[in-house]
Amino acid sequence: MQGKRRILIVGGGTAGWLTAAYLARYLDLAQQAAFEITVLESPELGIIGVGEGAFPTLRATLAFIGIEERDFVRATSATFKQGIRFDDWLHAPLPDGTRHHFLHPFEAPLDAEGPGLVPYWLLQPEATRPAFAAAMTIQNRVVEQGRAPKRAEEDAFGGPLPYAYHFDATRLAVLLQARAIELGVGHLEGRLIGVEPDGKGGIAHVLTREHGALEADLYVDCSGFDAALIGRALGSPFRSARDVLFTDRALACKIAADAPEGPVQPVTIAAAHGAGWTWDIGLQATRGIGCVYSSAHMSDEAAAAVLRAHIGHDRYTARLIPFEPGFRPAQWAGNCVAVGLSAGFLEPLEATGVLLIETAVAMIAELFPFAGPMDLAAHRFNARMTARYERIVDFLKLHYCLSRREEPFWRDNADPASIPASLAGLLDAWRHRPPSRFDFVIDHESFAYFNYQYILYGMDFVTDLSPARGAFPNDAVAMRRFAQIRRFGEQAVADLPGHRELIGQLRG
Ligand SMILES: Cc1cc2nc3c(=O)[nH]c(=O)nc-3n(C[C@H](O)[C@H](O)[C@H](O)COP(=O)(O)OP(=O)(O)OC[C@H]3O[C@@H](n4cnc5c(N)ncnc54)[C@H](O)[C@@H]3O)c2cc1C
């Protein structure tokens with residue numbers, strides 16, 4: 001049809017179908033004929049099918065595209081994620097069996113802004129004060145007691161505490177596909193075999209084995225690590241982050257849950273090992289487990305042994321997934337924009353993969369010009385996404401560089417030469433004051449100042465406020481507030497259902 005804007009999405013993983021559903025909803029595809037969105041995917045190549053932890057933003061995204069929370073929970077075997085518990089990151093397990101752990105919950109610390117409570121926590125004696133997240137949040141207690149973040153009768157996607165989900169990645173792509181098709185997205189099964197450049201840095205048309213040439217106004221590269229359009233065809237350079245983040249391999253597997261109706265962890269468990277970490281994610285009937293490591297510091301055999309030791313038996317099949325940490329600074333080139341793994345991948349420690357897809361898609365929807373050239377949209381998109389990736393690199397590095405573990409991987413991570421200047425400068429400042437919202441530019445960040453506080457103080461980082469003790473005279477008020485937070489936590493534990501109970505209720 002004359003004047004129609006055509007969008008062709010290459011790839012049918014989470015990135016492809018989420019992009020399709022979001023744009024279809026945003027552009028109200030079902031109601032008007034000005035746009036056409038098609039997804040081309042190759043079932044023969046399949047999808048990566050890993051990535052089981054989300055960010056709280058996924059709730060708003062699902063609500064926006066019109067997927068019901070109960071349907072999502074049923075269809076993707078989802079459970080409720082309230083944050084990440086980090087085991088053994090500060091030091092390796094001690095000979096007497098003592099292990100270090102801390103929680104990075106989704107809930108912001110109570111009274112975190114301005115002078116607030118943080119200085120009063122910092123000024124307490126280190127040996128006797130409660131852990132940072134325990135002192136500052138309700139969620140810490142709720143997680144420790146295995147409670148859910150909400151009651152079944154609460155509004156869909158709402159509730160008293162922030163939460164995200166753990167889910168089966170393959171089933172999520174299937175659910176998103178069904179919704180996108182309902183919203184009017186076209187679906188072609190076939191393999192992309194060539195790309196004809198337009199001579200202006202973009203794409204004239206793509207060639208497929210089954211459907212011949214396909215032409216569009218905007219091409220969205222969701223082809224995963226293959227980066228068939230943005231990388232292979234257009235040659236947009238990849239910027240490696242390997243000099244900062246050393247992990248480059250994952251061994252991933254799925255095992256049956258210990259007891260089908262037993263307790264499910266309401267957090268991701270990220271346990272450090274000699275050259276990386278393992279993830280452990282509880283779904284409804286299975287556990288997704290993986291070992292992330294640096295191939296420069298650990299062999300594949302040693303990583304397999306770490307995974308086996310974590311699981312406690314060898315009755316599973318693990319998949320080896322190599323990756324290069326990094327991203328493309330020019331993710332939008334001419335009339336082609338990359339979303340998902342084709343744009344970049346850092347590592348799954350803070351589960352930023354789907355978050356970056358959500359960010360990119362929202363940005364494409366809002367910046368997409370209804371007519372005329374795309375240069376300004378591309379320029380803005382590239383600047384914002386580059387900043388996002390750079391800032392995530394810093395945040396991930398924070399977890400590693402504060403460790404006091406002795407193994408070479410951890411010593412290399414603490415080497416100042418491997419710490420970006422932007423992070424080193426903030427760490428210097430934070431020795432004398434806690435992270436503040438003014439340290440960050442909101443549109444460049446995936447994490448707020450309080451996320452940094454959780455990692456810093458979880459890892460025993462010292463912000464020395466003792467020279468300014470006199471500036472914080474309201475000790476008694478602060479102590480009352482800490483006691484109140486404790487009571488709120490206890491009340492929440494009493495009011496909220498167990499995690500497994502909520503899942504059962506939502507599954508109906
Ligand atoms: C080890 C690991 C752990 C992760 N953990 C998390 C996590 O906890 N949380 C999180 O948010 N993210 C995580 N991620 C990232 C997450 O997996 C991805 O962001 C997400 O799955 C999106 O993938 P994708 O759609 O970009 O790629 P894919 O799922 O690989 O999809 C690519 C699609 O392109 C198609 N395709 C490729 N080439 C062609 C061609 N020539 N012709 C036609 N079709 C083609 C494929 O068939 C497929 O449909 C993790 C990633 C890894 C590697």
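Reckoned from all heavy atoms, side chains included, excluding hydrogens, waters and symmetry mates. First listed ligand is number 1; within each ligand, the first listed atom is number 1. Sequential numbering from 1 along the given sequence is applied to the chain's residues. As the structure is a prediction and not an experimental result, all values here were calculated from the model.
A 6.0 Å sphere centred on NE2 of H101 holds no more than 12 heavy atoms belonging to other residues, nucleotides or ligands.
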Please tabulate, one pair per line, all N/O donor-acceptor pairs under 3.5 Å involving side-chain atoms of residues 12-28, not counting sequence neighbours.
residue, atom, partner, partner atom, Å
W17, NE1, G12, O, 3.2
T19, OG1, A15, O, 2.6
R25, NE, F64, O, 2.9

What donor-acceptor contacts under 3.5 angstrom involve side-chain atoms of residues 302-315, with partners at least two apart or in another chain?
residue, atom, partner, partner atom, Å
H310, NE2, D280, OD2, 2.8
H313, ND1, R315, N, 3.0

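Within 4.0 Å of ligand 1, the residues that place a heavy atom are G11, G12, G13, T14, A15, E41, S42, L45, G46, I47, I48, V50, G51, E52, G53, G190, R191, L192, C222, S223, G224, D226, A250, W279, I321, G340, L341, F345, P348, A351, G353, V354, I357, listed by chain and number.
Annotation: F345 is not in aromatic contact with F238 [ring centroid separation under 6.0 Å not met].
Judged as a side chain to side chain donor-acceptor pair (under 3.5 Å), the pairs with a partner in residues 189-205 (not counting sequence neighbours) are, in order, E44-R191.
Exactly one of Y452, Y454, F440 qualifies for a ring pair (Phe, Tyr, Trp, His ring centres under 6.0 Å) with F395. That residue is Y452.
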